[in-house]
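The chains referred to below are lettered A, B, ... by the order of the sequence lines, with proteins before strands, and numbering in each begins at 1.
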Amino acid sequence: MDYNYLAQLLFPDITTTPEDMEQRFPPRQLPEGAKVTRFAPSPTGFLHLGNLYGAFTDERLAHTSGGVFFLRIEDTDAKRAVPGGVELIIKTLASFGLEFDEGAVIDGDKGAYGPYRQSERAEIYHTYAKKLVSEGKAYPCFCTEEELEAIRAKQEAEKLNLGYYGEFAIWRDAPIEKIEEKLKAGEQFVLRFRSEGSIENHFKFNDQIKGDINVTENDIDHVILKSDGIPTYHFAHAVDDHLMRTTHVVRDESWLSTLPFHIQLFKALGFKLPKYCHTAQVMKLDNGNKRKISKRKDPEFAATFYREQGYPAAVTREYLITLLNSNFEEWRLANQTAPIEDFKFTTKKMSVSGSLFDMDKLGDISKNVISRMSADEVYDGVLEWAQQYDTDFAAKLADNPDMAKAVFAIGRGGKKPRKDIARWGEVKAYMSFFYDDYFTVDSVELNFDKADIKAALSGFLATYSPTDDSAVWFDKVKAVADGVGFASDMKAYKANPSAFKGSVADISGFIRLAVTGRQNSPDLYTVMQILGEERVRARINNMINSL
RNA sequence: GGCCCGUUGGUCAAGCGGCUAAGACACCGCCCUUUCACGGCGGUAACGGGAGUUCGAUUCUCCCACGGGUCACCA
């Protein structure tokens with residue numbers, strides 16, 4: 001067989017050579033040890049937690065090594081493309097603080113190794129396809145869907161391994177005449193890789209995350225160019241990651257099964273194999289079983305979902321990194337305010353088995369992250385979220401930023417900050433009583449004499465002054481307690497509760513209920529300072545009158 | 001079914017031949033405290049099973065079980 005003739009027959013218009021490509025995309029000039037990674041999604045416009053998990057790995061690997069992190073769009077399957085998908089991907093990642101050094105941008109490319117959309121790289125792929133054909137390493141296959149289906153049925157019936165291999169690879173060694181005949185008839189073909197592998201052969205492969213793994217050689221003649229001339233993932237991966245000079249391929253472990261084929265491809269093309277980092281998958285519990293999260297079935301794993309729920313982007317990032325590197329939590333505990341960039345990220349600390357997403361843990365991390373923010377940052381975060389998801393609340397926040405910030409400042413900034421907020425969506429409930437429109441009084445059964453409650457509230461109003469400091473303020477509350485026969489000293493009260501009608505804690509409770517409408521609240525003195533004398537008096541009077 | 005990966009408490013996980021088997025989340029209790037939150041202290045709870053190697057296995061080997069993944073002209 002004259003393979004050069006066949007190559008010319010199949011790709012008459014291709015005049016470029018692999019050498020041209022090598023010149024066009026020369027090795028990168030980077031410092032020793034710099035890693036080049038890529039995030040390579042298909043443009044469905046939808047990213048889930050698993051995508052982010054990989055993207056963070058890519059980004060950290062590149063940016064902790066002085067390397068390059070780029071975006072490549074894998075749009076070889078038109079069916080999966082969604083209008084605006086690329087833009088959505090870029091914006092979503094940006095919202096999590098992931099910025100690309102090069103690659104596809106919204107209306108084009110940035111960088112010297114493009115195009116970065118696979119749909120624009122046909123000539124490049126065909127150049128290498130032609131080369132493979134000319135070397136006898138790839139061949140056209142004219143099988144119809146029906147024929148392939150028949151092969152499959154036979155294999156299933158005889159319990160053989162499925163696939164286009166061995167005796168089933170009917171076009172593998174077809175005579176040139178037969179090929180020309182089909183070509184003349186205008187029949188479509190796919191290009192298949194001629195595998196020289198055997199499933200009898202096994203070898204070890206070192207994965208950066210999984211360590212040494214055992215693999216079996218591939219014996220299937222996989223499709224590398226589809227009938228429309230567009231490459232399959234496998235072929236595009238080899239060509240692109242070689243020419244774009246990717247040093248580390250990060251992808252989830254479901255790709256492990258096709259790794260042998262990829263190794264073959266790189267070898268056949270004369271490419272140096274990149275390092276592979278096969279990540280464990282993020283799982284969810286479904287009917288008591290773990291399973292890989294899916295784009296279609298699990299909207300709650302959409303990358304955008306957490307923002308909608310009101311988790312700051314930094315939280316998702318923080319959570320994912322705790323999953324990604326097992327020593328991150330410890331580091332974070334010791335470096336509470338350090339930027340995440342200071343953490344030494346490594347594939348050595350990555351889990352080899354899939355982990356379940358833990359909403360409780362996310363909530364805890366979120367409380368910690370938010371508790372470390374300044375009042376201004378909290379205000380900005382809540383406002384931005386509310387503007388989209390709770391416009392009424394947003395208007396109130398915007399109407400009086402000073403008050404909102406004063407509320408957020410309660411118990412904030414010290415060594416042990418309050419941790420009330422896990423999601424922006426919880427803020428309204430947390431502080432609603434500061435707004436007259438939202439203020440309501442919980443119906444609470446107070447097991448005290450109404451006359452005493454009234455007397456206590458009136459007594460408090462009689463001496464209350466907003467200019468008192470907190471110590472004076474509380475002394476007055478104690479005085480009220482004494483005045484109505486409640487204990488002002490908690491120790492005395494606890495020693496002998498029956499000697500009193502109640503304690504100063506109960507008096508505070510009455511005032512708290514009147515002022516905030518609830519039994520629990522942040523520091524009451526500060527709350528009253530923020531509310532102002534007028535509203536404090538009005539609310540307490542309201543309660544007196546309602547009793 | 002073939003091939004591949006995995007298996008330490010409810011969850012995330014340290015561990016890399018000898019430990020009372022870390023820590024975090026969740027849960028429970030106590031303390032602090034005018035409520036809540038924070039914080040402090042303590043508690044419940046784990047090496048899937050069986051052989052083997054070894055003086056000694058959570059750590060090494062093999063088998064089994066279970067879980068997961070993958071077998072497209074999708075990525």
Side-chain angles (χ1 to χ4, degrees), chain A residues 40-42 44 74-77 79-80 118 141 143 145 148 152 155-156 159-164 188-192 199 202 205 207 210 213-218 220 222-234 236-237 251-260 278 280-281 283 285 289-292 319 322-323 326-330 332-333 349 351-365 367 371 410-411 414-421 430 474 477-478 481 488 490 493 503-509 511-513 516 518-525:
Chain A
S42 56
T44 57
E74 310 228 323
D75 53 356
T76 54
D77 183 13
K79 291 189 291 295
R80 293 169 70 121
Q118 292 181 331
C141 164
C143 280
E145 244 176 84
L148 291 173
R152 184 192 174 81
Q155 289 169 334
E156 277 177 352
K159 292 192 163 49
L160 297 169
N161 287 340
L162 306 178
Y164 198 89
Q188 293 207 313
F189 65 91
V190 299
L191 199 69
R192 288 184 182 272
I199 55 170
H202 304 267
F205 180 84
D207 181 84
K210 297 253 173 194
I213 54 175
N214 298 304
V215 288
T216 305
E217 280 186 3
N218 165 59
I220 292 176
H222 285 291
V223 172
I224 57 176
L225 283 187
K226 297 183 259 186
S227 57
D228 55 6
I230 294 175
T232 55
Y233 167 85
H234 317 289
H237 155 52
R251 35 140 83 149
D252 88 73
E253 63 184 337
S254 64
W255 291 107
L256 236 31
S257 55
T258 42
L259 178 66
H278 286 97
Q281 295 161 323
M283 317 286 273
L285 212 52
N289 292 110
K290 269 188 178 185
R291 63 146 231 266
K292 175 185 172 181
Y319 175 68
T322 66
L323 285 188
S326 56
N327 56 333
F328 175 76
E329 262 190 292
E330 195 184 341
R332 176 50 89 199
L333 211 58
K349 289 290 182 179
S351 176
V352 293
S353 54
S355 52
L356 242 32
F357 182 81
D358 186 347
M359 201 51 118
D360 282 332
K361 187 81 179 184
L362 181 77
D364 178 67
I365 288 171
K367 283 186 176 179
S371 76
I410 301 174
K415 199 84 180 130
K416 300 169 189 171
R418 293 185 68 94
K419 297 178 181 175
D420 300 289
I421 305 163
Y430 171 68
F474 194 52
V477 176
K478 286 186 189 170
S488 61
M490 286 307 287
Y493 176 71
S503 74
V504 68
D506 299 311
I507 300 295
S508 294
I511 302 172
R512 172 173 285 109
L513 184 64
T516 68
R518 21 180 122 160
Q519 292 182 286
N520 305 323
S521 78
D523 179 61
L524 189 53
Y525 171 77

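- Atom CE of Met283(A) and atom C1' of A13(B) are 16 Å apart (whole Å).
- Arg251(A) comes within 4.0 angstrom of no nucleic acid atom, judged by non-hydrogen atoms across all strands.
- Using a 4.0 Å heavy-atom distance criterion, Asn327(A) is classed as making no nucleic acid contact.
- When heavy atoms are screened at a 4.0 angstrom cut-off, Ser227(A) is found touching base atoms of the nucleic acid.
- Closest contact between the side chain of Asn520(A) and the listed nucleotides U7(B), G69(B), C36(B) involves C36(B).
- Among the heavy atoms of the strands, none lies under 4.0 Å from Lys159(A).
- Between the side chain of Arg418(A) and the base of C38(B), no donor-acceptor pair under 3.5 Å is found.
- Using a 4.0 Å heavy-atom criterion, one finds that Arg332(A) contacts no nucleic acid atom at all.
- Donor-acceptor pairing under 3.5 Å is recorded for the side chains of Arg251(A) and His278(A).
- If you take atom P in G67(B) and the same atom in C30(B), they sit 41 Å apart, rounded to whole Å.
- When each of G69(B), A13(B), C25(B) is scored by its nearest atom to the side-chain atoms of Arg291(A), the top-ranked nucleotide is G69(B).
- The side chain of Thr216(A) contributes an N or O atom lying less than 4.0 Å from OP1 or OP2 of C4(B).
- As judged by a 4.0 angstrom heavy-atom cut-off over every strand, Glu330(A) is placed among residues making no nucleic acid contact.
- Ion pairing between Lys79(A) and Asp77(A) holds under the 4.0 Å rule for side-chain N and carboxylate O.
- Using a 4.0 Å heavy-atom cutoff across all strands shown, Asp358(A) reaches at least one base atom of the nucleic acid.
- Between Ser254(A) and Asp364(A), the one whose closest nucleotide on RNA chain B sits nearer the 5' end is Asp364(A).
- Counting any heavy atom pair closer than 4.0 Å across all strands shown, Phe474(A) reaches a base atom.
- Checking U7(B), C73(B), U35(B) against every side-chain atom of Ser521(A), the shortest atom distance belongs to U35(B).
- A residue-by-residue look at Lys367(A) and Leu333(A) shows that Leu333(A) has its nearest nucleotide of RNA chain B further toward the 5' end.
- Val190(A) comes within 4.0 angstrom of a nucleotide base, judged by non-hydrogen atoms across all strands.
- Note on Ser371(A): nothing from the nucleic acid sits closer than 4.0 angstrom, heavy atoms only.
- Note: Ile511(A) CD1 to Leu524(A) CG = 6.5 Å, rounded to the nearest 0.5 Å.
- The distance from atom CG of Asn218(A) to atom P of C4(B) is 13 Å, rounded to the nearest whole Å.
- Nucleotides A57(B) and U53(B), compared at atom C1', are 10 Å apart to the nearest Å.
- When both pairing distances are held under 3.5 Å, G1(B) makes a Watson-Crick or G-U pair with C71(B).
- Here U53(B) sits opposite no nucleotide as a Watson-Crick or G-U wobble pair (both hydrogen-bonding atom distances under 3.5 Å).
- The partner of A37(B) cannot be assigned: no Watson-Crick or G-U wobble pair with both contacts below 3.5 Å exists in any strand.
- Shown here, A13(B) forms no base pair; nothing in the strands shown gives a Watson-Crick or G-U wobble contact with both key distances under 3.5 Å.
- Distances shorter than 4.0 Å separate some side-chain N or O of Ser326(A) from OP1 or OP2 on A14(B).
- Side-chain proximity of Lys349(A) to C73(B), G23(B), G15(B): nearest is G15(B).
- Tyr319(A) and Phe357(A) have perpendicular rings, their planes meeting at more than 60° on a 0 to 90° scale where under 30° would count as parallel.
- Within the shown strands, A65(B) is the pairing partner of U7(B) under the Watson-Crick or G-U definition, both distances less than 3.5 Å.
- Counting only heavy atoms from C-beta on, Lys419(A) has its side chain closest to G39(B) among G39(B), G6(B), A75(B).
- Annotation for His202(A) and Thr216(A): closest pair ND1-OG1, 3.0 Å, computed over non-hydrogen atoms.
- Of the candidate nucleotides C4(B), A75(B), U34(B), C4(B) has the atom lying nearest to any side-chain atom of Leu256(A).
- For Glu156(A) and C71(B), the CD to P distance is 14 Å, given to the nearest whole Å.
- Rounded to whole Å, the distance from CG on Asp360(A) to P on G10(B) is 15 Å.
- The side chain of Arg152(A) sits closest to A72(B) out of A72(B), A26(B), U7(B).
- For Glu156(A), the CD atom is densely surrounded, since the number of other residues' heavy atoms within 6.0 Å is greater than 12.
- Separating the C1' atom of U7(B) from that of G15(B) is a span of 15 Å, rounded to the nearest Å.
- Contact check, Ser351(A) against A13(B): a side-chain N or O comes under 4.0 Å of OP1 or OP2.
- With both ends at atom P, the span from U35(B) to G18(B) equals 49 Å, rounded to whole Å.
- Pair check for C32(B) finds none; no Watson-Crick or G-U wobble contact set falls under 3.5 Å.
- Rounded to an integer number of Å, the gap from CG of Leu513(A) to C1' of U34(B) is 15 Å.
- For the C1' atom pair drawn from A24(B) and A14(B), the interatomic distance equals 11 Å after rounding to whole Å.
- You'll find that the side chain of Ser257(A) is closest to U70(B), out of G39(B), U70(B), C12(B).
- With C1' as the reference atom, C28(B) and C71(B) are 48 Å apart, rounded to whole Å.
- Nearest to the side-chain atoms of Glu74(A) among the listed nucleotides C4(B), C25(B), A75(B) stands A75(B).
- Rounded to whole Å, the P atom of G48(B) lies 10 Å from the corresponding atom of U58(B).
- Note on Thr44(A): nothing from the nucleic acid sits closer than 4.0 angstrom, heavy atoms only.
- Nucleotide C73(B) holds its C1' atom 10 Å from the CD1 atom of Ile230(A), rounded to whole Å.
- The partner of C27(B) is G43(B), judged by Watson-Crick or G-U wobble contacts that both fall below 3.5 Å.
- For Asp523(A), counting side-chain heavy atoms from C-beta on, the closest listed nucleotide (A75(B), U34(B), C38(B)) is U34(B).
- Atom-to-atom distance recorded for Glu329(A):CD and Asn327(A):CG is 10.0 Å, nearest 0.5 angstrom.
- At least one side-chain nitrogen or oxygen of Ser355(A) sits closer than 4.0 Å to the OP1 or OP2 atom of A13(B).
- No contact: Gln188(A) has no heavy atom under 4.0 Å from any strand.
- Applying the Watson-Crick and G-U wobble criteria (two distances, each under 3.5 Å), C19(B) pairs with nothing in any strand.
- Using a 4.0 Å heavy-atom distance criterion, Lys210(A) is classed as a sugar-phosphate-only contact.
- Counting any heavy atom pair closer than 4.0 Å across all strands shown, Ile213(A) reaches sugar-phosphate atoms only and no base atom.
- No hydrogens or angles were tested; on distance alone, a donor-acceptor pair under 3.5 Å links the side chain of Ser508(A) to the base of U34(B).
- Between the NZ atom in Lys367(A) and the CG atom in Asp420(A) there is a gap of 7.5 Å [rounded to 0.5 Å].
- Atom OH of Tyr164(A) is separated from atom CD of Gln155(A) by 11.0 Å, given to the nearest 0.5 angstrom.
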